[in-house]
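Heads up: the structure comes next, in structure tokens.
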2 protein chains.
Amino acid sequence: MTSEQLATFIHTNPVVVRRTIAGLRDAGIVTSSRGHGGGWQLGRAPEEISLAEISAALGETLLPFSTEPESPGCLVEQAVIAALDDFRVEAERLLAERLSRITLADLAADFHRRYELIGVTSHAV
Amino acid sequence: MTSEQLATFIHTNPVVVRRTIAGLRDAGIVTSSRGHGGGWQLGRAPEEISLAEISAALGETLLPFSTEPESPGCLVEQAVIAALDDFRVEAERLLAERLSRITLADLAADFHRRYELIGVTSHAV
DNA sequence: ACACTTGTAACTAAGTGAGTTACATGAAGC
DNA sequence: GCTTCATGTAACTCACTTAGTTACAAGTGT
């Protein structure tokens, strides 16, 4: 698909699509080609693409915590960060582990299930 | 302590402090009193105040995900949200459980440990 | 050549959140 | 009662972030 088509689907601008997916391209999750018949393709099978990988490629953070101090030398801040850091490391490991089990293929299957459901319902009504 | 004092400590504005801590007050974690000798106090013992409670009182989200659809009717979005939702519920439960085990008393103890360390180091050098 | 696509820089607009000012309200001390 | 000091809160400004847009260079197939 082209950026134009993708942008139409999600109601946004082709440039925004290109800018956003750039991370996925750099990670090898998708590939792009220019010129006639160009556009975007999956870099490998949907079964091999996990949400954890997508999240990382897009530079998303799994937890809304900052790890660097705003006031170096503040002992209170250091204590808070230290306490949260143990927590953060474990939490991120857990979240990544869970997200790595969800693949694009899972999402596609769920999408088709919903699509069939809509189709049947619409037809029945 | 007064908002003025707290604001000085964290290098910000008294109004910002009051605005921020309002959530803690509403949750009963701290109490405030006006007028002469007024200010802020802990609502109960530091051992009884967990980071989970503070986080919730401040309206912080544990995960940077949105649960409401931006394009109702979009099956792709529905599939993604559904997949993430199972994940989100479990993750939030896990995170809250971990955070509920860290109390203000823990942070205070860690702070004092660091304080002694600095003191000894400074004295030795 | 030409049409079509990505890659990217540069600018604009909208939204968010800290910071600030101003003032009303309440409480302690004289 | 009056003064002083504190919180409570509305309203505004400013900085920052991010989506959106325009423009154009560069690569590719017909």
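Below, chains carry the letters A, B, ... as their sequence lines are ordered, and counting in each starts from 1.
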Distance from B:F87 atom CZ to A:I102 atom CD1, nearest 0.5 Å? 7.0 Å
The side chain of A:V16 is closest to which nucleotide in this list: C:dA9, C:dT21, D:dA19? D:dA19
Taking A:T2 for its side chain and A:Q5 for its backbone only, find out whether a donor-acceptor pair lies under 3.5 Å. yes
Look at B:R34 and D:dT4 and indicate whether a side-chain polar atom (N or O) is within less than 4.0 Å of OP1 or OP2. no
Using a distance-only criterion (donor-acceptor N/O pair, under 3.5 Å, no hydrogens), is the base of C:dT20 paired with the side chain of B:R19? yes
The side chain of B:N13 is closest to which nucleotide in this list: C:dT6, C:dT21, D:dG20? C:dT21
Interatomic distance, A:I10 CD1 vs D:dA19 C1' [rounded to whole Å]: 11 Å
Whole-Å distance separating the CD atom of B:E70 from the C1' atom of D:dG20: 15 Å
For D:dT7 and B:S32 - does any side-chain N or O of the residue sit under 4.0 Å from the phosphate oxygens OP1/OP2? no
Quick one: A:H11 NE2 to D:dG20 P, roughly how many Å, whole number? 12 Å
Measure from CD on A:E4 to C1' on C:dA3 and round the result to the nearest Å. 14 Å
Helix axis bend for the helix from C:dA1-D:dT30 to C:dC30-D:dG1 - C1'-based end axes, five pairs, 10° rounding: 10°
Any donor-acceptor pair under 3.5 Å from A:E77 side chain to A:E70 backbone: yes
Does D:dT7 have OP1 or OP2 under 4.0 Å away from a side-chain N or O of B:R18? yes
A:R101/A:E97 ion pair, N-O < 4.0 Å: yes
Is any side-chain N or O of B:T12 closer than 4.0 Å to OP1 or OP2 of C:dG19? yes
Side-chain donor or acceptor of A:D26 paired with backbone N/O of A:G23 under 3.5 Å: no
How many whole angstroms separate atom NE2 of A:H36 from atom C1' of C:dT6? 14 Å
Return no unless some side-chain N or O of B:T2 is found under 4.0 Å from OP1 or OP2 of D:dA6. no
Without decimals, in angstroms, what is the distance between B:I21 CD1 and D:dA6 P? 15 Å
Check whether any side-chain N or O of B:S55 sits under 3.5 Å from a backbone N or O of B:L51 as a donor-acceptor pair, and report yes or no. no
Just verifying a value: how many Å separate B:W40 CH2 and B:L6 CG, rounded to the nearest 0.5 Å? 8.5 Å
Whichever of A:G35 and B:A22 has its nearest DNA chain D nucleotide further upstream toward 5': B:A22
Sugar-phosphate only, base, or nothing, as touched by A:G37 at under 4.0 Å among non-hydrogen atoms: nothing
Once you round to the nearest 0.5 Å, how far does CG of A:D85 lie from CD of A:E92? 9.0 Å
Taking CG from A:L6 and C1' from C:dT6, how many angstroms apart are they, rounded to a whole number? 12 Å
Could you tell me the separation between the CG atom of B:D26 and the C1' atom of D:dT7, rounded to a whole number of Å? 13 Å
Closest to the A:W40 side chain: D:dA19, D:dC5, C:dT6? C:dT6
